[in-house]
Participant: 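Dropping the structure in here first, questions after.
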Protein chains: 4
Amino acid sequence: MTDTNTRRPGRPRDEATHEAILEATRRLLLDEGYHSVTFEAVARSAGTSRSTVYRWWPTRGALVLEAAASHIDIGKVPDTGSSREDLTMAIRQLITTFSDPLAGVVIMAAIANLDNDLEMATTFRNDTVYPWRSTAGEAIRRAVDRGDLPADTDVQFLLNVIVGTVFQCTITMATPMTEGLEDALIELAFRSPGSSRR
Amino acid sequence: MTDTNTRRPGRPRDEATHEAILEATRRLLLDEGYHSVTFEAVARSAGTSRSTVYRWWPTRGALVLEAAASHIDIGKVPDTGSSREDLTMAIRQLITTFSDPLAGVVIMAAIANLDNDLEMATTFRNDTVYPWRSTAGEAIRRAVDRGDLPADTDVQFLLNVIVGTVFQCTITMATPMTEGLEDALIELAFRSPGSSRR
Amino acid sequence: MTDTNTRRPGRPRDEATHEAILEATRRLLLDEGYHSVTFEAVARSAGTSRSTVYRWWPTRGALVLEAAASHIDIGKVPDTGSSREDLTMAIRQLITTFSDPLAGVVIMAAIANLDNDLEMATTFRNDTVYPWRSTAGEAIRRAVDRGDLPADTDVQFLLNVIVGTVFQCTITMATPMTEGLEDALIELAFRSPGSSRR
Amino acid sequence: MTDTNTRRPGRPRDEATHEAILEATRRLLLDEGYHSVTFEAVARSAGTSRSTVYRWWPTRGALVLEAAASHIDIGKVPDTGSSREDLTMAIRQLITTFSDPLAGVVIMAAIANLDNDLEMATTFRNDTVYPWRSTAGEAIRRAVDRGDLPADTDVQFLLNVIVGTVFQCTITMATPMTEGLEDALIELAFRSPGSSRR
DNA sequence: ACTTAAGCGAGACGGTACGTCTCGTCTTAAC
DNA sequence: GTTAAGACGAGACGTACCGTCTCGCTTAAGT
């Protein structure tokens, strides 16, 4: 059905090399940081040639995002029927993802817009941030509907509190503060007067 | 009186050039972003030579931090006697600073640790983050002592909530959300069951 | 047949650029002297980039020696069967080479060891000086065997007399003295009491 | 009488520093070669400042020539009454001077015209080469007059043979050949048929 | 089997920036 | 007036990557 199965003429891509490049990228990101992920270094480290890397990834941002794809996937917030459980899941997804060292480096790079690579930031936002934000937003709205959160809750603001706090506690801080973070955030979210039911 | 007045031997620094370099740095930061602040470009743009830039700033981080010094100075939190007023000031300082476009770029660069320039991150933390954090922490502690905040308030966590949220709403977001941010944060901070108005 | 025809992988060298670099080098040597043969100036003058020059020549000595290769090739002394003719050839080769302005500059640079570039001096000696000296030495030895030069002739000394005199008359002197040099040296070489005409 | 004794107003030159600079120059010439005699290195090595060096010597050639002045002074050829003795003296002066390591470096630099410093070459020629050449030329002319050398002797050529050979045997050769050089040259000079009297 | 389209590696090319060095000039304070 | 200190613009050094390019060779799919 899909285009993926449609065999094209010519020599097929060398999957081993392809994976070696992504692996080398991850290795470099973790060991040396984003700044040392040069096409040169990646190719050298993957035992391939610069041209092959360039063939498949136009920019270093694209390469890095694909290499870290599984690490930076925050996920989507489920609808469990329980407000507290939904938000707990949402927060846990954030903490788990942001605590991943590889994800931390890549997310930072995407946001900081190192190389004026707007494409990278946009892709990251569209593929990773928005899916989570919209499902998390729905979870909050469901909680409001249920009366678990005040009727005048500002959804976007609450999302920013949650994301910002987790970001701050995990990525920005010199030494992460993940201990008890989940509980503290849940308590904070539901703390408002009258929102302590469930 | 001060050391500044003590004349040293040798040709004195050309203050006009010095300022031109800082100005060029700011211009580049705003117009093109951190990545295009190269010694080459700064010198060219300031109408001076690379050597002169190198003479005064060893790294691009040092140059950028000094150029943006007045923009990134968050300030210190005062002791007004009113908990609400203290925290309002603290939050306002954050929002004002983080909303400055130049500051945003530089703070991002300092945190993202672009060039593996740990010095830059450290300097930023010591000169800018810590002073604010410690005075803001004291303000929170005073509020706790007064009973304006719960006795079990986690000072560091609350700071992270505030900083993280402001960071998220101003710098990270594609379109900043500063409208009503101050009030919302104040309300959030004092919302807990036992927290009185003051 | 030869290795030259064997195509290597990768983009082939741009021969036009290559030759332009050598030509620019020669131009600079003649017009401005060895000291102005900088990689910078050569690249600029050849309309190429510094990196391309560096790709092919590791040092300025190597570049200069190759650019002047055909000019500084003194040649080898033939075995014509006649002592006088052999030595005449030898001396003529020296004079011709040393009189070439380009050769003069390069030979001077090689000997003076400007940049502590011992490689340059060594290469020049091995590729250019020794071949001539050994064949010229053999020619002298043949002349001794024939009785055209005294049996106790010091070959190395006689070579030094010839080379030194030509060097002095062509390169060192502010205004060269090549007029009649060849004949004078031949006469000098064969002047000793027991040396017959031939 | 002379200007030298005339006291001028102001602080007098610091002779110790002056000499330290010349000494440092010599040290550098011997230890590292002409190429490393930079104003920077000389000042550093002499424990003085660059400006002081620049005040007294406009170019590195001038500095080097003065520093090596006593080493490169070939001298003048005396009139002893004996042709053989005169020429022996002349040749000995050459060999002695050219064998001095410091002189070798400086003479090479002067001739090679490293920095396109024509001034240096000219000064060296006028102050050092010409005095010797003219007195040596006179010695040869006296020898011709006495009949110790053939009437048709080409004075300049003979001078070039002598200078060139000594230069070649001492400075140019990788390993100098001074052994027996003096005698060999004397013999060569007087070898012509009929010139063997005295 | 043969063609053909693509992948792959090697590597050249013109750039740009790096951080260092020396140049020759200059400006100032102190002696 | 000399000295030491040191700033200044200029420009070359040799290195590293950039992104683009041109090749020869390899690998299958489709004929």
Side-chain angles (χ1 to χ4, degrees), chain A residues 7-15 17-18 36-44 47-56 58-60 115, chain B residues 6-15 17-18 35-44 47-56 58-60 115, chain C residues 6-15 17-18 35-44 46-56 58-60 115, chain D residues 8-14 17-18 35-44 47-56 58-60 115:
Chain A
R7 281 308 193 116
R8 285 183 303 134
R11 175 176 177 173
R13 183 172 80 179
D14 183 332
E15 295 300 338
T17 297
H18 202 76
S36 69
V37 179
T38 66
F39 280 75
E40 193 81 23
V42 168
R44 205 184 309 132
T48 182
S49 65
R50 226 150 39 89
S51 10
T52 300
V53 186
Y54 270 113
R55 186 185 320 280
W56 301 107
T59 64
R60 111 164 129 165
D115 326 294
Chain B
T6 311
R7 285 307 196 111
R8 288 184 306 129
R11 177 175 177 175
R13 181 172 81 178
D14 183 332
E15 295 300 340
T17 297
H18 202 77
H35 89 284
S36 69
V37 179
T38 66
F39 280 76
E40 192 83 25
V42 168
R44 206 185 307 131
T48 182
S49 65
R50 233 146 35 88
S51 10
T52 300
V53 186
Y54 273 113
R55 179 159 320 111
W56 299 107
T59 63
R60 121 163 122 163
D115 325 296
Chain C
T6 313
R7 284 308 196 106
R8 287 184 307 128
R11 178 175 175 173
R13 182 171 81 179
D14 184 332
E15 295 300 341
T17 297
H18 203 79
H35 88 285
S36 69
V37 179
T38 65
F39 279 77
E40 193 83 24
V42 167
R44 205 185 308 132
T48 183
S49 65
R50 231 148 35 89
S51 13
T52 300
V53 186
Y54 274 113
R55 193 183 327 277
W56 298 106
T59 64
R60 124 163 120 161
D115 326 294
Chain D
R8 286 181 302 136
R11 173 174 175 179
R13 184 174 78 179
D14 183 333
T17 298
H18 203 77
H35 88 283
S36 68
V37 180
T38 66
F39 280 75
E40 191 81 24
V42 168
R44 206 184 309 134
T48 182
S49 66
R50 225 149 41 88
S51 13
T52 301
V53 186
Y54 270 113
R55 184 181 319 283
W56 301 107
T59 62
R60 112 164 128 167
D115 325 295

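Residue numbers start from 1 in every chain, and the chains themselves are labelled A, B, ... in the order their sequence lines are given, proteins ahead of strands. Values in this document were obtained by computation on a predicted structure and should not be read as measured data.
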Participant: Take atom CZ of B:Arg44 and atom P of F:dA10, then tell me their distance rounded to the nearest Å.
Facilitator: 13 Å
Participant: Should B:Arg60 be listed as having a side-chain N or O under 4.0 Å from OP1 or OP2 of E:dA17?
Facilitator: no
Participant: Does A:Arg11 have a side-chain nitrogen or oxygen under 4.0 Å from the phosphate oxygens OP1 or OP2 of E:dG9?
Facilitator: no
Participant: For a quick check, tell me whether the side chain of C:Ser51 and the base of F:dA16 share a donor-acceptor pair closer than 3.5 Å.
Facilitator: no
Participant: Select one nucleotide: of F:dG9, F:dT20, E:dC8, the one nearest the side-chain heavy atoms of A:Tyr54.
Facilitator: F:dT20
Participant: Quick one: C:Glu15 CD to E:dA12 C1', roughly how many Å, whole number?
Facilitator: 11 Å
Participant: Is there a donor on the side chain of D:Thr48 or the base of F:dA4 sitting less than 3.5 Å from an acceptor on the other?
Facilitator: no
Participant: Main chain of B:Val37, side chain of B:Arg60: is a donor-acceptor contact present, judged purely on distance under 3.5 Å?
Facilitator: yes
Participant: If you assign each of B:Pro9 and C:Gly10 to its closest nucleotide in DNA chain F, which residue comes earlier from the 5' end?
Facilitator: B:Pro9
Participant: Measuring to OP1 and OP2 of E:dC13, would you say a side-chain N or O of C:Trp56 lies under 4.0 angstrom away?
Facilitator: yes
Participant: Let me know the distance between CG of A:Asp14 and P of E:dG9, rounded to the nearest Å.
Facilitator: 7 Å
Participant: Tell me, with the steps shown, if D:Thr52 and D:Arg55 meet side chain to side chain contact (heavy atoms under 4.5 Å, CB included).
Facilitator: CA-CA 5 Å; D:Thr52 301; D:Arg55 184 181 319 283; 5.6 Å; no
Participant: Classify the side chain of A:Arg50 versus the base of F:dG19 as yes if they form a donor-acceptor pair under 3.5 Å and no if they do not.
Facilitator: yes
Participant: Between D:Ser36 and D:Ala41, which heavy-atom pair has the shortest distance, and what is it?
Facilitator: O-CB, 3.7 Å
Participant: Could you give the CD-to-P distance, from C:Glu40 to F:dA12, as a whole number of Å?
Facilitator: 5 Å
Participant: Rounding to a whole Å, what distance do you find between D:Phe39:CZ and F:dA5:C1'?
Facilitator: 18 Å
Participant: On DNA chain E, does the nearest nucleotide to B:Thr59 precede the nearest nucleotide to C:His18 from the 5' side, or the other way round? Give the residue.
Facilitator: C:His18
Participant: Supply the atom-to-atom distance C:Thr48 OG1 to C:Trp56 CH2, rounded to the nearest 0.5 angstrom.
Facilitator: 11.5 Å
Participant: To the nearest 0.5 Å, what is the distance between CZ (B:Arg50) and CD (B:Glu40)?
Facilitator: 5.0 Å
Participant: For A:Val53 versus A:Phe39, what's the shortest heavy-atom pair and its separation?
Facilitator: CG1-CD2, 3.7 Å
Participant: Would you indicate, yes or no, if E:dC13 has its OP1 or OP2 atom less than 4.0 angstrom from a side-chain nitrogen or oxygen of C:Arg55?
Facilitator: yes
Participant: Under 4.0 Å: is that the gap between some side-chain N or O of B:Thr52 and OP1 or OP2 of F:dG9?
Facilitator: yes
Participant: Mind listing the closest non-hydrogen atom pair of A:Ser49 and A:Ala43 along with its distance?
Facilitator: C-CB, 3.7 Å
Participant: Relative to the 5' end of DNA chain F, which residue comes earlier, A:Val37 or D:Ser49, by the nucleotide with the nearest heavy atom?
Facilitator: D:Ser49
Participant: Find the bend of the helix from E:dA1-F:dT31 to E:dC31-F:dG1 as the angle between its two terminal axes (five pairs each), to the nearest 10°.
Facilitator: 10°
Participant: Nearest-Å distance, CZ (A:Arg13) to P (F:dT26)?
Facilitator: 22 Å
